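Atom set for the values below is all heavy atoms of this structure, side chains included, hydrogens, waters and symmetry mates excluded. If you're wondering where the values come from, they're calculated on a predicted model, not measured in any experiment. Order of the sequence lines fixes the chain letters, A, B, ..., with proteins taken first and strands second; residue numbering starts at 1 for each chain.
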Number of protein chains: 2
Amino acid sequence: MDNINLVFEALSSTPRRKILNYLSATSLTAGEIAERFEMSKPAMSKHLKILQTANLINGEKKGQFMHYSLNRDNLVTSLHDFTANLCPVGSVLKKESKKMADDNEGS
Amino acid sequence: MDNINLVFEALSSTPRRKILNYLSATSLTAGEIAERFEMSKPAMSKHLKILQTANLINGEKKGQFMHYSLNRDNLVTSLHDFTANLCPVGSVLKKESKKMADDNEGS
DNA sequence: TAACCATTTAACTTATTAGTTAATTAACTA
DNA sequence: TAGTTAATTAACTAATAAGTTAAATGGTTA
């Protein structure tokens, strides 16, 4: 399956989007993530695998712990590429983009 | 179901994303869209309904024809809002945004 | 080594999704 | 009015997704 397909498949689940939100603050182990949900560890493990296969998160094994972190780059570029294909240059996307750039001017 | 949920649910299907691509070029009737797929009209009708419920397309009845068009605004703002929540201000999103703005400078 | 802990895999069940054909609704036309 | 066309709804089937518990894997520690 190609990447955009994997990305949208991964993002279609509310718990998976919630996982990404948790990981946007900090890296977490599989167990720490599971703690934040009312769901078994095996179920969580599947969600994490789906996110990792879509390249939206990275997993790194440290001893017996699996540390997961957000892969912002692939998330942003995937969604950006998708949107860009649907939006003719000079149209909505451009306005949105300019607005974003302007909003962040001072930071 | 809240809108972001509907949006990602709608976008998780390859045929539905393909419909959006067709509609990015021009508005089309339900029948014209169905022609472009190897799928029955009822199946297509369901996909169109899902996209409309997510507010990603608009449907307008003209006589016996149903004309569908892309709702770019909701698509772009939904994905933007989602991304913005996951990306701390001043980080990847900002770079992406600036890049987009720069790329479009001349247009 | 033996017991323990974190995580994943396997096997399975249930719910949901995506498609089909047949029937219905509504608009158009001879 | 009768027949045709466009689109949707209804009823159903098959494939997929999402969860469960039990078992396996691999690293840690007494």
Rounded to whole Å, how long is the line connecting atom [atom1] of [X] with atom [atom2] of [N]?
{"X": "B/Gln52", "N": "D/dA7", "atom1": "CD", "atom2": "C1'", "value": "13 Å"}
{"X": "A/His67", "N": "C/dA6", "atom1": "NE2", "atom2": "P", "value": "12 Å"}
{"X": "B/Glu35", "N": "D/dA7", "atom1": "CD", "atom2": "C1'", "value": "14 Å"}
{"X": "A/Leu48", "N": "D/dA18", "atom1": "CG", "atom2": "P", "value": "13 Å"}
{"X": "B/Lys41", "N": "D/dT4", "atom1": "NZ", "atom2": "P", "value": "16 Å"}
{"X": "A/Leu6", "N": "D/dA17", "atom1": "CG", "atom2": "C1'", "value": "15 Å"}
{"X": "A/Tyr68", "N": "C/dA6", "atom1": "OH", "atom2": "P", "value": "15 Å"}

Query raised in the report: Tell me, which of residues 17-34 of chain A have any heavy atom that sits under 4.0 Å from an atom in DNA chain D?
Result: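 By residue number: none to list.
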Query - Inter-residue atom distance B/Arg36.CZ - B/Met44.CE, 0.5 Å rounding - result: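 That separation rounds to 10.5 Å.
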Report task. Enter the distance from A/Ser13:OG to A/Leu51:CG here, rounded to the nearest 0.5 Å. Result ->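 Here the rounded value is 7.5 Å.
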Query raised in the report: Using a distance-only test with no angle check, is there a side-chain donor-acceptor pair under 3.5 angstrom linking A/Asn5 and B/Thr14?
Result: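 The criterion, which ignores hydrogens and geometry beyond distance, is satisfied for B/Thr14 and A/Asn5.
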Query raised in the report: Under 3.5 Å, is there a donor-acceptor pair between the side chain of B/Arg17 and the main chain of B/Leu11?
Result: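 Here the side-chain-to-backbone pair exists.
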Query raised in the report: Looking only at atom types and distance, does a side-chain atom of B/Asn71 sit under 3.5 Å from a main-chain N or O of B/Ala54, one as donor and one as acceptor?
Result: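 Not at all, since once roles are kept as given, no pair shorter than 3.5 Å links the two residues.
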**Report entry** Sequence neighbours excluded - ring-ring contact (aromatic ring centres under 6.0 Å, His included) pairs with any residue from residues 21-46 of chain A
**Finding:**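 Qualifying pairs: A/Tyr22-A/Phe37.
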Requested in this report: Only counting residues at least two apart or in another chain, list the ones meeting side chain to side chain donor-acceptor pair (under 3.5 Å) with B/Asn58.
Outcome: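 B/Asn58: no side chain to side chain donor-acceptor pair (under 3.5 Å) contacts found.
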Requested in this report: Taking only heavy atoms on the protein side, list every residue of residues 56-66 of chain B lying under 4.0 Å from any atom of DNA chain C, sorted numerically.
Outcome: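 When residues 56-66 of chain B is checked for heavy atoms under 4.0 Å from DNA chain C, the hits, listed by number, are B/Gly63, B/Gln64.
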For a 4.5 angstrom cut-off between non-hydrogen side-chain atoms, does [X] reach [Y]?
{"X": "A/His80", "Y": "B/Leu79", "answer": "no"}
{"X": "A/Asn3", "Y": "A/Ser78", "answer": "yes"}
{"X": "B/Phe82", "Y": "B/Ile4", "answer": "yes"}
{"X": "A/Leu70", "Y": "A/Leu56", "answer": "no"}

Requested in this report: At under 4.0 Å between heavy atoms, which parts of nucleotides 12-19 of chain C does protein reach? Answer with one letter per nucleotide, 5' to 3': B base, S sugar-phosphate only, - none.
Outcome: ------BB
**Report entry** End axis versus end axis in the helix from C/dT1-D/dA30 to C/dA30-D/dT1, the angle rounded to 10°, five pairs used at each terminus
**Finding:**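 The helix from C/dT1-D/dA30 to C/dA30-D/dT1 shows an end-to-end axis angle of 10°.
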